[in-house]
Colleague: 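Here it is, the structure, as structure tokens.
Counting convention: from 1, in listed order, for ligands and their atoms alike.
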Amino acid sequence: MHPRKIAIIGGGIAGIAFAQRYRQLGGRVSIHERGMPQHDPGMGFILLANGFEALSHIGRRSAVKDLSYPLTDCTIRDHRDQKLVDEKLDSAHGITRSAFLEALGQDLPEGWTRYGQAFSHFEYHPSGQAHRAIFQNGEGVEADLFLGCDGTNSKVRGEIFPASKVSRSRVVELVSVIENDLLVARCRKRFMKFRHKDGGLALGLVPATRRKLIWYLQFDRQKYPTPEADPARLESFSRRLTQGWSGPALQLIEATDFGRTRICHTGALSPLQQYFSENVALLGDAAHAVHSFTSQGVNTAIEDAVYLAEALTNGHATGSLDPLAIYSETRRNAMRTLFDFGNMLQDEFLAPPTADQRIPLATTA
Ligand SMILES: Cc1cc2nc3c(=O)[nH]c(=O)nc-3n(C[C@H](O)[C@H](O)[C@H](O)COP(=O)(O)OP(=O)(O)OC[C@H]3O[C@@H](n4cnc5c(N)ncnc54)[C@H](O)[C@@H]3O)c2cc1C
């Protein structure tokens, strides 16, 4: 199968990564993104070895590395700043989402991405195949293959699998990025986590450049009701939850612009039976939203994109097997253990910390 026309719905990590790999293999696509080019693209994340391996297929490994910050260790301490766990990390880098998208999207031909196109629904051929995607602004696009890359609350997934369910995770994150070289230096290339002794509350620090630090407060919403997304409330909430903590909490709060701080509800998607239906396939969070504890959302989204682009251009196809079926089977198998691991990490987070707990990152080796 080498579809003549591919329309990608959602221009985030999976959508752009697919476009880049497919372009390198001689194909072209159109990307339909609901946001505008300059819309605030969010905070940041940790890239892991499997993400870098997938990036090397797109030729973006070094461009991304140049914009990221190496993390050599993961250190977990309690809220009194007593060390609990220290573990070496392999090929982990912190990066802001905007820097990552900049490196990933380099050289994408102008005009491939159309902004302000929020997917609404499909029109179908009598055969049951999708024929045209319709956007909320009334515009539409015809294609042979549609890729739903529209994130955790995917409308494309809702169209092809109406029974699929995303439940709000019990753990919520307040996330911000600050510029503070002293705090970055204090991390000494470590991904740091400070955990409250009662469990269900943690502060995470991820250096993303020499000056930029992503930080988040992770909390059990059953114990700590989620505040409204208003700067003053977010600030008082952060102060209240970390009152009396040793370590960098107070310094972080003092350095934060709470007008640029977000509340992120992570979603847990019950595993799908397959990642496609007819001529519509799902990639990234649309296919498999995993717990943020695994730090695998971005990494596995890039892997999906590379795998599918190569399968469609026969890299993995054997005989007459449908590349969408091969993609779906292979990637579902790869994700299976991550779901379980994410649940286990969440259980550990909700319980009081111990000195033999796992670090909150999952490898896919
Ligand atoms: C607080 C937080 C921390 C995280 N930390 C990490 C981490 O450390 N490591 C990690 O690997 N991952 C992390 N993740 C997860 C990671 O951000 C996602 O898994 C990743 O972005 C998935 O890529 P995607 O392309 O599937 O979705 P996204 O990157 O979310 O892209 C979806 C795109 O689709 C667009 N869209 C949505 N609906 C429509 C529509 N109807 N029509 C058209 N376009 C639409 C959106 O505007 C967006 O551009 C974190 C997530 C959160 C919330």
Colleague: Of all the atoms in ligand 1, which lie at a distance below 4.0 Å from a heavy atom belonging to N299?
Modeller: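 Going through ligand 1 atom by atom, the ones under 4.0 Å from N299 are 11 (O).
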Colleague: Within the 4.0 Å heavy-atom shell around G10, which atoms of ligand 1 are there?
Modeller: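 Those atoms are 34 (O), 35 (C), 44 (N).
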Colleague: Give the contacting part of A14 toward ligand 1: side chain, backbone, both or neither, where contact means a heavy-atom distance below 4.0 Å.
Modeller: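 For A14, backbone and side-chain atoms both sit under 4.0 Å from ligand 1.
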Colleague: Taking the side chain as C-beta and beyond, is there a heavy-atom pair between V280 and V156 under 4.5 Å?
Modeller: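 In contact.
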Colleague: Heavy atoms only: which of G44, G12, A118 is nearest to atom 4 (C) of ligand 1?
Modeller: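 Answer by nearest heavy atom: G44.
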Colleague: Just to be sure I read this right, does ligand 1 sit under 4.0 Å from the backbone of R34, its side chain, both, or neither, counting only heavy atoms?
Modeller: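 For R34, the contact with ligand 1 is made by both the backbone and the side chain.
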Colleague: Please confirm whether K212 makes a cation-pi placement over Y69, using NZ or CZ under 6.0 Å from the six-membered ring centre and within 45° of the ring normal.
Modeller: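 Negative - K212 is either too far from the ring of Y69 or too far off its axis.
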Colleague: Under 3.5 Å, N or O to N or O, is F119 touching ligand 1 that way?
Modeller: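 Between F119 and ligand 1 (N or O atoms, distance only) the closest approach is under 3.5 Å.
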Colleague: Under the criterion ring-ring contact (aromatic ring centres under 6.0 Å, His included), which of F135, F146, Y115 is the partner of H32?
Modeller: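 Exactly one pass, corresponding to F135.
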Colleague: Would you mind listing which atoms of ligand 1 come within a distance below 4.0 Å of any non-hydrogen atom of D285?
Modeller: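 Per the distance check, 18 (C), 19 (O), 20 (C), 22 (C), 26 (O).
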Colleague: Go through ligand 1 atom by atom and flag the ones less than 4.0 Å from a non-hydrogen atom of R97.
Modeller: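 Atoms satisfying the 4.0 Å criterion: 21 (O), 28 (P), 29 (O), 31 (O).
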Colleague: Are the side chain of H196 and the backbone of D198 linked by a donor-acceptor contact shorter than 3.5 Å?
Modeller: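 Looks like yes, one N/O pair under 3.5 Å.
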Colleague: May I ask which of H265, Q117, Q136, Q296 has a heavy atom nearer to atom 43 (C) of ligand 1 than the others do?
Modeller: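 Nearest option to atom 43 (C) of ligand 1, by heavy atoms: Q117.
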Colleague: How does A289 reach ligand 1, by side chain, by backbone, by both or by neither, if only non-hydrogen atoms under 4.0 Å count?
Modeller: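 No part of A289 is near ligand 1 at this cut-off.
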Colleague: Going by atom types alone, do S176 and Y216 pair a side-chain donor with an acceptor below 3.5 Å?
Modeller: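 There is no such pair (donor and acceptor under 3.5 Å, judged by atom type) between the side chains of S176 and Y216.
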Colleague: For G284, take its heavy atoms, then give the atoms of ligand 1 lying under 4.0 Å from any of them.
Modeller: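 Counting atoms of ligand 1 from 1, those under 4.0 Å from G284 are 26 (O).
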Colleague: Backbone N or O of I326 within a donor-acceptor pair of the T330 side chain at under 3.5 Å?
Modeller: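 Here the side-chain-to-backbone pair exists.
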Colleague: Is a salt bridge present between R114 and E33, judged by a nitrogen-to-oxygen distance below 4.0 Å?
Modeller: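 A salt bridge is absent here (no side-chain N lies under 4.0 Å from a carboxylate O).
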Colleague: Using modelled atom types only, decide if a donor and an acceptor are shared between the side chain of D220 and the backbone of V171 within a distance under 3.5 Å.
Modeller: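 Absent.
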